[in-house]
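Down below is the structure, laid out as structure tokens.
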Amino acid sequence: MLGLNNKQWEACSYTEGPLLILAGAGSGKTRVLVHRIAYLIEEKQVDPYNILAITFTNKAANEMKERVEAAIDVEPGRIWVSTFHSMCVKILRRFYVRIGGDNNFAIYDTDDQKAVCKEVLKTLNLDPKMYKEKACIAFISSAKESCKTPEDLEIEMAGDYRASQMVRVYREYQHRMKINNALDFDDLIFKTLDLFAQDPEVLEYYQDRFKYIMVDEYQDTNESQFQLVRLLAGKWRNLCVVGDDDQSIYKFRGANIYNILNFEDEYKDAKVVKLEQNYRSTETILNAANAVIANNTGRKQKRLWTENGVGEKINYQVYETEHEEALGAVNNIMELCNNGREYSDIAILYRTNAQSRVIEEKLVYASIPYKLVGGTGFYNRKEIRDIVAYLKLLSNPSDEIAFSRIINVPRRGIGATTVTKIRELSLQNGISMYNFCKDEGNRKLLGRSADKIGDFVEMMESFRPYIETGELDELFDSIMEKTGYEMELRAEGTDEARGRLENLDELRNKILGYMEEEEPTLLGLLEDISLVADTDDSADDTDNKVTLMTLHSAKGLEFPVVFMVGMEERLFPSGLSMDSDDPDAVEEERRLCYVGITRAMKRLFLSSCTTRMSYQGRAYNAESRFIEEIPKEYMTRTGVKANVIKTEPFAKKSSVSGFNFGVGAGVAKAMPKSVPAYNTGTSNNVSIDYNVGDRVKHIKFGKGTVTDMKPSADDFEITVNFDNVGEKHMFAKLAKLKKI
DNA sequence: GAACCCATCATTTTT
DNA sequence: TGATGGGTTC
């Protein structure tokens with residue numbers, strides 16, 4: 001156990017009873033967890049079988065597994081190190097049947113959920129304009145995260161018409177999921193809770209087993225996960241949770257920061273250990289991060305410190321446009337790399353994915369290699385989803401979503417009419433669509449399509465032998481061939497089709513990778529596909545490339561050099577958070593900023609621009625408040641931020657040509673309600689020192705006389721009669737008129 | 001069944 | 001601005 005500091009050691013060796021480890025950024029949290037497990041096994045003679053470690057990501061789980069196995073001699077797999085979700089899958093695969101479930105359930109991702117919602121909305125005859133799938137999914141998800149059944153909500157939402165409709169959707173959705181024999185991500189947790197509630201024997205079995213439980217990233221747990229942990233630790237109470245309330249950035253996903261803030265209330269005898277020594281960043285970077293996060297209320301007091309030395313100052317630069325900002329970053333990168341930095345040392349972090357485009361553009365132009373983290377995942381591609389749907393249907397004939405997806409892909413002349421007919425008839429008979437089709441007598445009811453359906457069933461059944469033998473690669477090849485999927489893409493011959501074929505080849509590789517496991521099954525493969533989001537782990541760590549990602553994705557990572565771009569109000573913090581009634585919304589953005597800053601080891605570059613193009617139009621945003629919150633002594637600043645805040649909407653195609661400084665309503669809408677109230681301290685508010693009758697000067701129109709001024713929204717609409725160009729109307733904030 | 005047009009929509013997303 | 005999906009048309 002060498003190389004641990006006092007606090008880390010304390011956290012490792014306090015094994016009995018509840019323990020909260022407040023692990024600041026870069027404080028060696030994983031190291032502590034790994035050592036703790038090793039300590040339990042080697043010093044306390046705990047059977048690895050009695051240890052459970054829960055993480056949020058597969059990446060974290062794998063890393064922990066590897067590091068534990070490297071540290072001590074332990075039978076691989078004897079310790080449960082897994083994500084919440086895969087843990088629940090494991091439990092449900094074994095015991096779901098005890099509460100009337102089918103252990104063979106499929107796991108639905110967001111896209112599948114969407115498809116289910118679509119059908120539900122149709123069934124319930126709800127206006128798709130009023131009820132969007134996305135909103136329904138969000139409603140259902142947040143219900144499950146907070147452990148609410150449709151029945152619970154029915155009472156709660158009784159007075160609210162719209163909410164009641166949503167509850168109907170939720171109920172019907174669950175009904176459909178049951179028919180499809182599918183569980184979504186939230187169900188995995190919720191149904192496990194259900195299982196524990198309904199079958200205390202099963203709960204007791206796991207309670208007995210897990211004498212020592214550790215939960216990583218505890219600040220990200222939601223209500224249902226909290227309950228799950230509470231139940232599992234119910235018997236031995238040797239529960240160690242690790243987290244950092246300052247890095248709680250997933251509220252929108254249901255994470256409840258109070259789980260960590262109130263841990264000591266829930267467990268009165270809890271010991272708290274704070275890890276405040278940071279091994280990652282320079283003192284300058286750390287001080288800046290501390291200063292920013294200090295503006296939040298209701299946090300656990302802690303202050304990170306380091307022995308790493310002062311380091312260089314943070315570089316903050318104001319650019320004119322997002323293009324210049326991207327170019328600026330690229331130039332900085334080139335200079336850094338000319339001076340010995342590797343591309344892979346560098347990350348560019350941004351608030352929204354949309355910001356990546358311009359940066360990519362400039363990187364490409366400068367021939368700087370980069371990798372984009374996030375974005376549309378591998379398993380979201382059409383061709384992958386198609387083939388996976390075949391696999392899913394083979395594994396679970398009840399999966400109507402999979403059935404509907406591939407019944408006519410590639411085209412085999414089975415149209416919408418036939419599918420609808422199958423759906424109706426199967427529903428009447430209370431069997432799944434696929435099983436309905438399997439019966440020759442049933443098929444006769446389908447008229448002309450009967451034979452085609454027959455061929456389809458025959459083909460599907462011909463795949464079965466590969467499943468039984470576990471030859472999943474053969475299964476894949478056979479599907480690609482017999483369905484004609486491969487042929488169709490080859491015949492197409494376009495670049496796009498070639499790309500799709502490459503992706504499918506990649507899928508085949510993933511299948512081969514999965515087959516390395518001791519007992520590969522189709523069910524296991526599908527589990528891997530749905531639970532292990534594509535981490536794009538193919539060849540990255542070794543690649544010498546600049547990393548581009550959102551601030552959210554950056555959590556848990558570190559880079560010698562970090563760029564944080566777009567440090568502007570309404571972008572970061574986001575406009576939505578600024579306009580939110582919830583005062584914590586901006587605090588969450590600040591935590592996100594804290595996360596961003598603390599990713600940097602040696603150098604931190606911040607930047608903003610005076611104006612940037614957004615989907616609303618050209619935005620002129622104030623400098624982010626987070627910049628203000630960094631004490632001047634830690635930062636060098638280049639460039640001056642203009643003192644204008646506004647958004648110019650795109651001109652309407654049909655609008656009359658000529659000048660219009662934003663078309664009334666558009667501007668008013670774009671003018672956030674919070675802007676006037678917000679004070680950056682750098683006088684973003686327009687100062688009007690002229691009045692009707694005064695002579696003023698405009699940067700473009702020259703000199704003129706003010707003829708009218710009337711308040712509008714949070715601004716003034718000024719009418720000026722210019723000497724050269726005549727009368728113009730404009731907004732004071734934009735026009736920047738100077739009294740002469 | 002495919003090509004095209006228009007309307008619509010637009011933070012963050014570990015599973 | 002741009003991607004996406006539904007609806008229309010041939």
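So that the names make sense, note that chain A is the first sequence line, chain B the second, and so on, each numbered from 1.
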Between B:dT12 atom P and A:Asp220 atom CG, what is the distance in whole Å? 17 Å

note: A:Arg351, atom CZ; B:dA10, atom C1'; distance rounded to Å ~ 14 Å

Ranking A:Thr83 and A:Ile414 by the position along DNA chain B of their nearest nucleotide, the one closer to 5' is A:Ile414

More than 12 heavy atoms of other residues, nucleotides or ligands under 6.0 Å from NZ of A:Lys134: is that the case? no

Spell out yes or no: do the side chain of A:Arg253 and the base of B:dT12 have one donor N/O and one acceptor N/O closer than 3.5 Å? no

Verify side chain to side chain contact (heavy atoms under 4.5 Å, CB included) between A:Asn259 and A:Tyr218, making sure each step is shown before the conclusion. CA-CA 7 Å; A:Asn259 287 346; A:Tyr218 192 66; 4.0 Å; yes

Would you say the side-chain atoms of A:Asp455 pair up with the backbone N or O of A:Lys452, donor to acceptor, closer than 3.5 Å? no

As a quick check of understanding, evaluate side chain to side chain contact (heavy atoms under 4.5 Å, CB included) for A:Glu217 and A:Lys29, giving each step before the final call. CA-CA 10 Å; A:Glu217 305 281 14; A:Lys29 171 190 73 167; 3.3 Å; yes

For A:Phe252, is the CZ atom crowded, meaning more than 12 foreign heavy atoms sit under 6.0 Å from it? yes

Tell me yes or no: between the side chains of A:Arg94 and A:Asn103, is some donor less than 3.5 Å from an acceptor? no

Rounded distance (Å) that lies between atom C1' of B:dT14 and atom CD of A:Glu145: 13 Å

Return the 5'-most residue of the pair A:Gly413, A:Phe56 with respect to DNA chain B, ranking by each residue's nearest nucleotide. A:Gly413

Of the listed nucleotides C:dG6, B:dT15, C:dA3, the one nearest the side chain of A:Lys118: C:dG6

Protein-nucleotide distance (A:Lys555, atom NZ; B:dT15, atom P), rounded to Å: 12 Å

A:Leu121 CG to C:dG6 C1', straight-line distance once rounded to whole Å: 15 Å

Measure the distance from NZ on A:Lys134 to C1' on C:dT4 and round it to the nearest whole Å. 12 Å

Does B:dT13 have A:Phe252 stacked on its base, where the ring centres are within less than 5.5 Å and the planes differ by under 30°? no

Base, sugar-phosphate alone, or nothing: which one does A:Ser86 contact when heavy atoms must sit under 4.0 Å apart? nothing

What nucleic acid atoms does A:Asp109 come within less than 4.0 Å of, heavy atoms only: base, sugar-phosphate, or nothing? nothing

What protein N or O atoms touch nucleotides 8-10 of chain C N or O atoms at under 3.5 angstrom, if any, and at what distances?
none

Taking the six-membered ring for Trp, does A:Tyr615 stack with C:dT1 (centroid gap under 5.5 Å, planes within less than 30°)? no

Side-chain donor/acceptor of A:Asp399 to backbone N/O of A:Ala182, under 3.5 Å: no

Does the ring of A:Phe559 carry A:Arg280 above it, NZ/CZ under 6.0 angstrom from centre and within 45° of its axis? no

State which of B:dA2, C:dG2, B:dT11 makes the closest approach to the side chain of A:Ser577. B:dT11

Donor-acceptor side-chain pairing of A:Asn296 and A:Tyr594 below 3.5 angstrom: no

Regarding A:Lys114, tell me which of base, sugar-phosphate or nothing describes its non-hydrogen contacts under 4.0 Å with the strands shown. nothing

What contact category does A:Glu217 fall into here, base, sugar-phosphate, or nothing, at under 4.0 angstrom with non-hydrogen atoms? nothing

Pairwise N/O distances under 3.5 Å, protein to nucleotides 6-9 of chain B:
unit_1	atom_1	unit_2	atom_2	d
B:dC9	OP1	A:Lys132	NZ	3.4

Taking any heavy-atom pair under 4.0 Å as a contact, classify A:Thr550: base, sugar-phosphate, or nothing. sugar-phosphate

May I have all residue pairs that pass side chain to side chain donor-acceptor pair (under 3.5 Å) and include part of residues 240-253 of chain A, sequence neighbours excluded? A:Asp244-A:Gln247, A:Asp244-A:Lys302, A:Asp245-A:Lys302, A:Asp246-A:Arg299, A:Asp246-A:Lys302, A:Gln247-A:Arg599, A:Lys251-A:Asp582

When all nucleic acid strands are considered with a 4.0 Å heavy-atom cut-off, which category describes A:Tyr250: base, sugar-phosphate, or nothing? base

